[in-house]
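The next block holds one structure in the form of structure tokens; read it before the comments.
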Amino acid sequence: MIEFLIRTRGGHEWPAIHRGRMPHVLTPAGWDCVGVSGCGCDYRLRCGDTEVSFSGEPVGWEVSFEGPMPKDVATRLVIAVAAQIEQETNQSIEWIQIDS
């Protein structure tokens, strides 16, 4: 499993996104991904054969990839979502890969 954390650059905190805006903000523009239902997270996408879950935690959005996706592709997806979060929240955002 590949995991990342998307957080505010200054405070290393969770950048809050209104629940009604999650599909727009957490679905990367230009990617073939769709929102799907699932438990244990705040928002879930299906991108091909891979499910991507987003869990809002005090330290940031935990992003987990379940299924086949090359690490470089997962990284590009996280970069795209982080940019959308930054635009939505008007906060400086960073992302880090979590070692699993």
Side-chain angles (χ1 to χ4, degrees):
M1 180 182 310
I2 304 171
E3 294 183 301
F4 293 87
L5 190 64
I6 299 174
R7 63 189 186 184
T8 60
R9 188 175 301 277
H12 295 168
E13 300 169 324
W14 173 65
I17 300 168
H18 187 276
R19 183 163 297 283
R21 298 279 302 152
M22 284 185 200
H24 173 74
V25 178
L26 299 179
T27 302
W31 288 70
D32 188 21
C33 299
V34 295
V36 295
S37 62
C39 59
C41 65
D42 293 293
Y43 188 67
R44 185 177 297 271
L45 294 172
R46 176 166 291 283
C47 303
D49 292 331
T50 303
E51 287 200 5
V52 183
S53 62
F54 294 85
S55 297
E57 305 292 338
V59 295
W61 283 100
E62 185 178 333
V63 186
S64 301
F65 291 78
E66 301 168 27
M69 184 174 283
K71 190 180 291 187
D72 64 319
V73 176
T75 300
R76 289 196 317 267
L77 186 144
V78 167
I79 290 169
V81 171
Q84 290 175 187
I85 292 172
E86 188 168 84
Q87 184 176 9
E88 178 75 12
T89 64
N90 291 316
Q91 295 177 295
S92 182
I93 300 296
E94 67 181 7
W95 60 270
I96 58 171
Q97 184 173 347
I98 300 171
D99 293 328
S100 346

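Computed from a predicted model, the values in this text were never measured in an experiment. The figures here come from the full heavy-atom set of this structure, side chains too, leaving out hydrogens, waters and symmetry mates.
Closest approach of Thr27 and Cys33 over heavy atoms only: CG2-O, 3.7 Å. When all heavy atoms are compared, the tightest approach of Gly40 to Ser55 is O-OG, 3.7 Å. When all heavy atoms of Ala16 and Thr89 are compared, the closest pair comes out as O-CG2, 3.5 Å. Pro15 approaches Ile6 most closely through the heavy-atom pair CD-O, 3.9 Å. In terms of heavy atoms, Met69 sits closest to Thr50 at CB-OG1, 3.7 Å. Nearest heavy atoms, Arg7 versus Gly60: CB-CA, 4.1 Å.
Between the side chain of Glu86 and the backbone N or O of Ile93, at least one donor-acceptor pair lies under 3.5 Å. Ser53 contributes no side-chain N or O that, together with a main-chain N or O of Arg44, makes up a donor-acceptor pair within less than 3.5 Å. In this structure a side-chain-to-backbone donor-acceptor pair under 3.5 Å is present from Gln84 to Val25. Side-chain N or O atoms of Thr8 include one that pairs as donor or acceptor with a backbone N or O of Glu13 at under 3.5 Å. With hydrogens and angles ignored, the 3.5 Å screen pairs no side-chain donor or acceptor of Trp95 with any backbone N or O of Ile79.
Gln87 CD: 12 or fewer foreign heavy atoms inside a 6.0 Å radius. The number of heavy-atom neighbours closer than 6.0 Å to CG of Asp72, taken from other residues, nucleotides and ligands shown, is above 12.
Residues Leu26 and Val34 do not share a hydrophobic cluster, clusters being chains of Ile/Leu/Val/Met/Phe/Trp/Tyr side chains in contact below 4.5 Å.
Residues in residues 52-63 take part in no salt bridge (Lys or Arg N to Asp or Glu O under 4.0 Å) pair, two or more places apart or across chains.
Here Trp14 contributes atom CH2 and Gln91 contributes atom CD; the two are 10.5 Å apart, rounded to the nearest 0.5 Å. Atom CD1 of Ile85 is separated from atom CZ of Arg21 by 12.0 Å, given to the nearest 0.5 angstrom. Between the SG atom of Cys47 and the CG atom of Asp32 there is a distance of 8.0 Å, given to the nearest 0.5 Å. Put simply, CD on Glu88 and NE2 on His24 are 6.0 Å apart, with the number rounded to the nearest 0.5 Å.
Residues Phe4 and Leu77 form no side-chain contact, since every pair of their non-hydrogen atoms from C-beta on lies 4.5 Å or further apart. You'll find the side chain of Leu45 stays beyond 4.5 Å of the side chain of Trp31, heavy atoms only.
Taking the six-membered ring where tryptophan is involved, the planes of Phe54 and Trp61 are perpendicular, since the angle between them exceeds 60° and thus also 30°.
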